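The structure presented is a predicted model; accordingly, all values stated were derived computationally and were not measured. Numbers for residues simply follow the sequence, beginning at 1.
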Amino acid sequence: MVDFLEGVLKVAVLVFVVTCMAAAGLGLSAQALVAPFRRPRLVLAAVIANFVVAPALAYGLTELVNLDRPHAIGLLLLAGAAGAPFLPKLAELAKGDLAFSIGLVLLLTAGSAIFLPFVLPLLMPELSAEPWPLLQPLLFTMLLPLAVGMVVKNQFEHGSARLRFVLTRVSNISMVLTVALLVGLNVRAILGTFGSGAVAVAVVFVALATAAGFALGGPTADTRSVLALGTGQRNVAAALLVATRNFSDEPGVVVMLLVSTLAGLLVLLPAGRWFARRASGVIEPRSVPIPVSLEERQP
């Protein structure tokens with residue numbers, strides 16, 4: 001029975017990744033492709049935040065805290081996977097620059113396809129030193145569905161909306177099934193993370209990555225909030241894809257991905273609401289009293 005459920009889990013992960021990326025592609029217009037590249041400083045900041053700062057934070061935390069090795073691997077995997085397809089939803093919540101968030105998904109997804117197979121093995125000897133075994137599934141299950149979705153979106157504008165709705169439903173169902181199977185098959189390992197420091201490290205990592213994205217997000221609040229959320233929210237679909245193909249005999253890796261993703265919501269959702277209040281002017285800077293001269297005080 002366990003072997004059967006593990007087989008279902010692999011299929012569910014594959015369906016989740018493919019439909020998630022295809023649905024994201026169906027939401028990317030031709031304008032969204034070029035939008036982020038009109039601001040090269042923001043592009044450079046996004047690359048630094050997601051592929052330099054975030055992995056460095058994860059590596060530093062794994063060196064600082066004595067995590068179990070599978071948990072450390074899971075955190076490093078998550079840190080190397082950027083471009084979460086849910087970023088535009090978070091950007092809407094935060095009242096950020098939606099066009100920038102859509103283009104950022106494409107930029108970071110493509111960056112993850114380079115970083116995971118070529119750079120991450122330098123930090124993790126457990127991964128294959130040959131890039132192709134890691135690059136192949138990322139190309140065919142992430143970038144290809146994303147590209148096909150974009151082509152359909154730009155060629156068949158009207159029909160793409162309905163197809164995106166269907167794929168989003170399938171992606172949501174497969175995600176729920178994936179989470180349920182991950183929890184069911186690894187419930188003891190998940191409970192074992194409490195008290196091990198894994199949950200606390202995951203929360204700290206997401207908080208620090210979000211702060212780094214905010215600091216590098218440019219001069220305007222709407223791009224700072226998007227880059228903050230885009231750096232804090234990692235691409236769990238890409239990380240799961242690598243984990244299930246390379247660490248199937250170490251459930252602690254996948255457990256750390258799940259725990260980190262859930263723990264990240266404790267940071268990202270309140271952060272998104274705070275950014276939205278800030279954008280609406282609810283959070284206003286403290287007023288500084290203006291000194292009144294003696295002449296003005298006298299009637």
Side-chain angles (χ1 to χ4, degrees), residues 20-21 24-25 27-60 75-120 123 138 142-143 146-147 149-150 205-239 242 260-261 264 267-268 271-272 274-276 278-279:
C20 185
M21 299 312 300
L28 290 171
S29 63
Q31 292 78 10
L33 291 177
V34 298
F37 299 100
R38 292 173 180 168
R39 293 179 279 189
R41 289 186 180 180
L42 273 180
V43 172
L44 180 60
V47 170
I48 292 173
N50 282 273
F51 300 116
V52 178
V53 177
L57 287 172
Y59 184 79
L75 187 67
L76 289 171
L77 271 181
L78 199 64
F86 305 114
L87 177 58
K89 290 294 183 184
L90 277 177
E92 284 186 60
L93 172 67
K95 296 183 179 179
D97 189 330
L98 188 58
F100 176 58
S101 72
I102 294 172
L104 192 60
V105 170
L106 175 64
L107 173 69
L108 296 182
T109 300
S112 296
I114 297 172
F115 184 89
L116 286 170
F118 290 98
V119 180
L120 202 58
L123 301 177
L138 294 173
M142 287 185 59
L143 292 185
L146 184 71
M150 290 165 53
F205 166 72
V206 175
L208 291 177
T210 302
F214 184 80
L216 293 169
T220 60
D222 57 348
T223 57
R224 282 201 301 270
S225 63
V226 170
L227 190 52
L229 296 170
T231 307
Q233 187 190 36
R234 313 309 291 168
N235 193 335
V236 67
V242 176
S260 299
T261 302
V267 176
L268 295 173
W274 186 82
F275 289 139
R278 197 167 182 267

Taking side chain as C-beta onward, heavy atoms only, is [X] less than 4.5 Å from [Y]?
X: Thr223; Y: Arg39; result: yes
X: Phe100; Y: Leu42; result: yes
X: Gln233; Y: Thr261; result: no
X: Leu93; Y: Phe275; result: no
X: Pro117; Y: Leu138; result: yes
X: Trp274; Y: Ser225; result: no

Inset, instruction - Start with the C-alpha gap between Leu108 and Phe51, add the side-chain angles, then the distance that decides, and say whether side chain to side chain contact (heavy atoms under 4.5 Å, CB included) holds. - result: CA-CA 9 Å; Leu108 296 182; Phe51 300 116; 3.9 Å; yes

Inset, instruction - Test side chain to side chain contact (heavy atoms under 4.5 Å, CB included) on Leu227 and Phe214 and set out the steps. - result: CA-CA 6 Å; Leu227 190 52; Phe214 184 80; over 6 Å; no

On a heavy-atom basis, which atom in [X] and which in [Y] lie closest, and how many Å separate them?
X: Val267; Y: Ala207; answer: CG1-CA, 3.9 Å
X: Leu116; Y: Ala238; answer: CD1-CB, 4.2 Å
X: Leu75; Y: Ser260; answer: CD1-OG, 4.3 Å
X: Ala46; Y: Leu104; answer: CB-CD1, 3.6 Å
X: Ala209; Y: Thr231; answer: O-CG2, 3.3 Å

Inset, instruction - Give the intermediate values and the outcome of side chain to side chain contact (heavy atoms under 4.5 Å, CB included) for residues Leu268 and Val206. - result: CA-CA 8 Å; Leu268 295 173; Val206 175; 4.0 Å; yes

Inset, instruction - Determine, stepwise, if the pair Met142 / Asn235 fulfils side chain to side chain contact (heavy atoms under 4.5 Å, CB included). - result: CA-CA 11 Å; Met142 287 185 59; Asn235 193 335; 3.5 Å; yes

Inset, instruction - Flag the pair Arg224 and Asp97 as a salt bridge only when some basic side-chain nitrogen lies within less than 4.0 angstrom of an acidic carboxylate oxygen. - result: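 Answer for the salt bridge query: no.
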
Listed pairs under 3.5 Å, donor-acceptor, residues 77-88 side chains, sequence neighbours left out:
none

Legend entry - Counterpart residues, ring-ring contact (aromatic ring centres under 6.0 Å, His included), relative to Phe205 (two or more places apart): none

Legend entry - Whether Arg234 side chain and Asn50 backbone form a donor-acceptor pair below 3.5 Å: yes

Inset, instruction - Can you spot which of Thr109, Leu107, Ile102 makes a side-chain contact (heavy atoms from CB on, under 4.5 Å) with Val105? - result: Thr109

